[in-house]
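Everything below concerns the one structure shown next.
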Protein chains: 2
Amino acid sequence: MMLSRASKYAILSTLYLAEHANENRKISVKVIAESIDVPSPFLAKLFQQLVKGKIISSTKGPNGGFYLTKKNQKKSVLDIIENIDGLIKINECFLGLNECDGSNPCPVHFIVERFKNSIFEKFRDKNIMELSEEIVANGRKLTLKDISPEV
Amino acid sequence: MMLSRASKYAILSTLYLAEHANENRKISVKVIAESIDVPSPFLAKLFQQLVKGKIISSTKGPNGGFYLTKKNQKKSVLDIIENIDGLIKINECFLGLNECDGSNPCPVHFIVERFKNSIFEKFRDKNIMELSEEIVANGRKLTLKDISPEV
DNA sequence: ACTATATGAGATAAAAAGGTCTTAATATAT
DNA sequence: ATATATTAAGACCTTTTTATCTCATATAGT
């Protein structure tokens, strides 16, 4: 029931692409890595995998970089998580029990279940572009940098 | 917002102690490790730390083992988590953002907040003995073993 | 064609988490 | 006192995760 750092980086940077890139304006790993403050060689690896998984797109060479096609924009955050972590982890019992379900629940099973449903609403039932637009509309910055107040 | 395996083991085995041990009936690592199916040398290490943290108690020698005093029983699951993982991890932003709070929320901040509050009700506002009694009353087995139906 | 600039791929390294082993210390029972 | 059972402590090993490095490949612009 938790994301690896890899998944978090992948989510943030894909949402970054959704907001800032398109087929005519591709963005390099380096720029994204600096913008959201993640280690760039690590992000490069993640992007390779996301491209293979058809979550994002890329072109090589000058003015190349990463971006989302219309089709990519329809993918969900859960697709990203599935691509990077797999879905097992996010569905595991919070206390690690092998057998934990409605008829055999751990002490926090129903609490976790409710949470998971809400998360899935955002991460499965909404596509990346929709989520990105929501974030932009709310004026949020998704970065791992410290956001220092301007002086 | 997630527990390490170490924390999970510690929680399960402390709840095991709450249910099965007391000052007159101490239980050895080996027995507990087998009962809930966790690696026993690893659990031994965790128990050392829990003893230092005054979450559980121990005595050496024949008929020795681990158990909970009245004082230990008043500790909470959150005390266990704090002792093993520290509290930072459980309070981190679900997406890993450095700055994520009510006035600067990540896309799932309020969902996570609600979840955290519910978890805290069980893990901070209830002591170990109370939680254990609740679990016993509900007839739950907290083990990592597969619970195979009896033939 | 050549050069510069990107990504792609695979090997490698470093750090963290998970797990084991060995020896010492201590308490109990005989 | 001695043997035995148990935890305590610390070193050690393994696996997974995170991160880096190097070289190959593709593309654009000149």
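No hydrogens, no waters, no symmetry mates; every other heavy atom, side chains included, goes into these values. Here the structure is a predicted model, which means the values were calculated and not measured.
Within the nucleic acid shown, Leu43(A) has no heavy atom closer than 4.0 Å to any nucleic acid atom. Among the heavy atoms of the strands lying under 4.0 Å from Pro41(A) is at least one base atom, whether or not backbone atoms are also near.
Formation of a donor-acceptor pair under 3.5 Å by the Arg140(B) side chain with backbone atoms of Pro107(A) is not found in this model.
Going from atom NZ of Lys30(B) over to atom C1' of dT6(D) covers 12 Å, rounded to whole Å. Between Asp85(A) atom CG and dT16(D) atom P the separation is 15 Å, expressed in whole Å. Per the geometry, CD1 belonging to Ile84(A) stands 13 Å off C1' belonging to dT17(D), to the nearest Å. Distance Arg25(B) CZ to dT6(D) P: 13 Å, rounded to the nearest Å. Between the CZ atom of Phe42(B) and the C1' atom of dC21(C) there is a distance of 15 Å, given to the nearest Å.
For the pair Ser28(B) and Ala6(A), nearest-nucleotide mapping onto DNA chain D gives the more 5' position to Ser28(B).
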Q.
Checking Val38(A) against Leu12(A) for the side chain to side chain contact (heavy atoms under 4.5 Å, CB included) test, could you report, in this order, the C-alpha distance in whole Å, the side-chain angles of both residues, the deciding distance, and whether it holds?
A. CA-CA 10 Å; Val38(A) 309; Leu12(A) 296 179; 5.5 Å; no

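A side-chain N or O of Ser4(B) and one of Asp85(B) form a donor-acceptor pair less than 3.5 Å apart. Inspection of the Thr59(A) and Lys26(A) side chains reveals an N or O donor paired with an N or O acceptor under 3.5 Å. Counting only N and O atoms by type, the side chains of Asp37(A) and Thr143(A) include no donor and acceptor under 3.5 Å apart.
Note: Phe42(A) and Tyr9(A) have perpendicular aromatic rings, judged against thresholds of 30 and 60 degrees for the angle between ring planes.
A close approach under 4.0 Å does occur between a side-chain nitrogen or oxygen of Tyr9(A) and OP1 or OP2 of dA19(D). Taking side-chain N and O atoms only, Arg5(B) has a distance below 4.0 Å to OP1 or OP2 of dG19(C).
DNA chain C is contacted by Lys60(B), Gly61(B), Pro62(B), Asn63(B) of residues 46-76 of chain B, taking any non-hydrogen atom closer than 4.0 Å.
Taking 3.5 Å as the limit, the base of dG10(D) and the side chain of Lys45(B) contain a donor-acceptor pair of atoms between them.
Shown are Ile84(A), Ile80(A), Ile81(A); of these, the side-chain contact (heavy atoms from CB on, under 4.5 Å) with Leu3(A) is made only by Ile81(A).
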